[in-house]
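What follows is a set of notes on a single structure, which appears directly below.
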Amino acid sequence: MFQKENGWKTVDDALKEKIFAFSEGYKQYLDAGKTERLACAEALRLAKEQGFTNLEGKESLACGDKVYFVNRDKNLFLAVIGEEEVEKGISFVISHIDSPRMDVKANPVYSDGGLTLLKTHYYGGIKKYQWTAVPLAIHGVVVKVDGERVQISVGDEPGDPVLYISDLLIHLATDQMQKKATEVVTGEALNVLAGSLPEKESEKDAEKEALLALLHEKYGITEEDFLSAELEIVPAYPAKDVGFDRSLVGAYGHDDRVCAYTSLQALFDLNQPKKTAVCLLTDKEEIGSMGNTGMRSAFFEYAVALLIEKTVGSYNELKLKRTFRNSCCLSSDVNAGYDPTYPEVMDKMNAAFMGRGVVLTKYTGSRGKSGSSDASAEFMGKIRRCFDTHGVMWQSAELGKVDCGGGGTIAQYVANLDMEVVDCGVPLLSMHAPYEVASKLDIYMAYKAYCAFYEA
Ligand code: MN
Ligand code: MN
């Protein structure tokens with residue numbers, strides 16, 4: 001008989017202390033990195049502290065070298081060079097650092113009824129109604145026409161104002177309350193309240209003029225500069241412990257910074273590995289891994305090609321292909337945790353439970369595994385053995401009931417490169433909501449799983 005239980009039952013005081021301590025660092029990482037750019041910058045800062053140096057600046061690489069490669073400020077590729085030749089295969093752990101949110105439109109500013117607002121376009125799959133009437137922050141960059149890059153971050157520092165999206169008052173919501181949940185709040189209703197003071201001399205759009213004047217004074221930007229900006233609207237609250245016993249963590253962006261942080265720490269704590277170990281933080285997963293910072297970008301192959309060239313002094317396509325063919329990857333992404341309030345979407349025999357450890361997801365997809373990579377039995381066996389011998393608490397799950405919906409990860413794009421790959425991450429409650437929940441035990445076990453994988 002095979003049955004898994006609540007993992008906390010076997011956790012002694014010493015381990016509990018380690019698990020709780022680990023989540024403190026994780027919460028700090030979450031608060032420092034609410035966008036892909038900020039999450040990349042914070043990870044880079046941590047990597048430099050650990051002695052990682054710039055891959056592009058190095059003539060050659062030797063066993064034990066620790067290097068980083070930053071792609072367009074949105075991806076971080078970290079490698080620890082192994083004893084074996086790179087061509088013998090790399091151990092990859094790949095997560096994503098983009099999360100669902102709202103992006104400020106290119107022509108965003110308008111005023112109406114004495115208020116100034118910013119129009120947005122949501123990014124990734126969200127229940128739009130969840131993002132109204134909560135405190136919001138803005139983070140991002142504006143690139144001026146002369147090339148100067150201006151950073152904007154408001155809403156997350158103590159004493160900062162926040163931004164806000166209004167919702168219709170219940171008293172007048174008779175019609176709204178009859179609508180389907182997908183239509184209760186439409187995409188074009190996600191307008192961000194950004195001010196209300198008018199320019200006193202102005203006759204038309206006095207509030208808009210005042211906001212633009214304020215932004216010009218503070219950041220030196222004009223209305224036209226929004227055309228070359230990436231400004232992201234995210235929840236303004238910090239990560240916090242959840243529950244009387246503090247056993248869970250609530251935060252924006254667990255998906256997928258929980259796997260990013262745990263894989264980073266696993267790489268940092270790795271002693272000289274046999275195989276070269278790579279931790280990659282990627283972008284654009286939430287919109288299909290497109291673009292030059294997504295997992296489908298040739299950037300990934302370029303970074304691996306650099307490792308080959310700088311370790312053996314030469315490069316050819318066959319070496320790159322052989323490297324991928326000999327490599328293994330944990331596509332480290334979150335899964336759905338069993339929610340006792342919504343049991344109807346889960347097959348309890350194949351669901352992930354909070355506090356039972358990191359989740360191996362053999363396949364994802366929808367409508368009969370469509371869009372899934374589906375890891376081989378052989379590779380699943382290898383990873384099971386690896387986790388069991390290293391004392392990792394882990395569980396196996398699908399993403400909900402068959403035909404209840406579904407989803408995909410970067411695993412399929414990794415598999416296309418001829419690698420072994422399986423999804424492995426942390427179960428969450430309320431995935432893609434402004435505030436998601438993860439178990440501290442599962443977070444720690446993801447870290448242990450990635451440590452075990454790199455060491456194997
Ligand atoms: Mn994800
Ligand atoms: Mn997601």
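Counting starts at 1 for both ligands and their atoms, following the listed order. Predicted model only: the values in this text are computed from it and were never measured.
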Check residues 18-27 and write down every donor-acceptor pair under 3.5 Å in which the side-chain atom is one partner and the other belongs to a residue at least two apart or another chain.
residue	atom	partner	partner atom	Å
S23	OG	F20	O	3.0
E24	OE2	K27	NZ	3.0
Y26	OH	H254	ND1	2.7
Y26	OH	V258	N	3.4
K27	NZ	D241	OD1	2.7

For the Mn ion (ligand 1), how many protein N, O or S atoms lie at less than 2.8 Å?
->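 Near the Mn ion (ligand 1), the number of protein N, O or S atoms below 2.8 Å is 4.
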
Sole residue of R101, R37, M102, K34 in side chain to side chain contact (heavy atoms under 4.5 Å, CB included) with E232 = R101

Residues forming a side chain to side chain donor-acceptor pair (under 3.5 Å) with K310, sequence neighbours excluded =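 By the side chain to side chain donor-acceptor pair (under 3.5 Å) rule, K310 matches no residue at all.
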
Just list the side-chain donor-acceptor pairs under 3.5 Å for residues 125-140, sequence neighbours left out, or say none.
residue	atom	partner	partner atom	Å
T132	OG1	Y129	O	3.1
H139	ND1	S153	OG	2.6
H139	NE2	D156	OD2	2.6

Is it true that a side-chain atom of S373 and a backbone atom of A415 form a donor plus acceptor pair closer than 3.5 Å?
-> no

Can you tell me how far the OG1 atom of T323 sits from the CG atom of L307, to the nearest 0.5 Å?
-> 9.0 Å

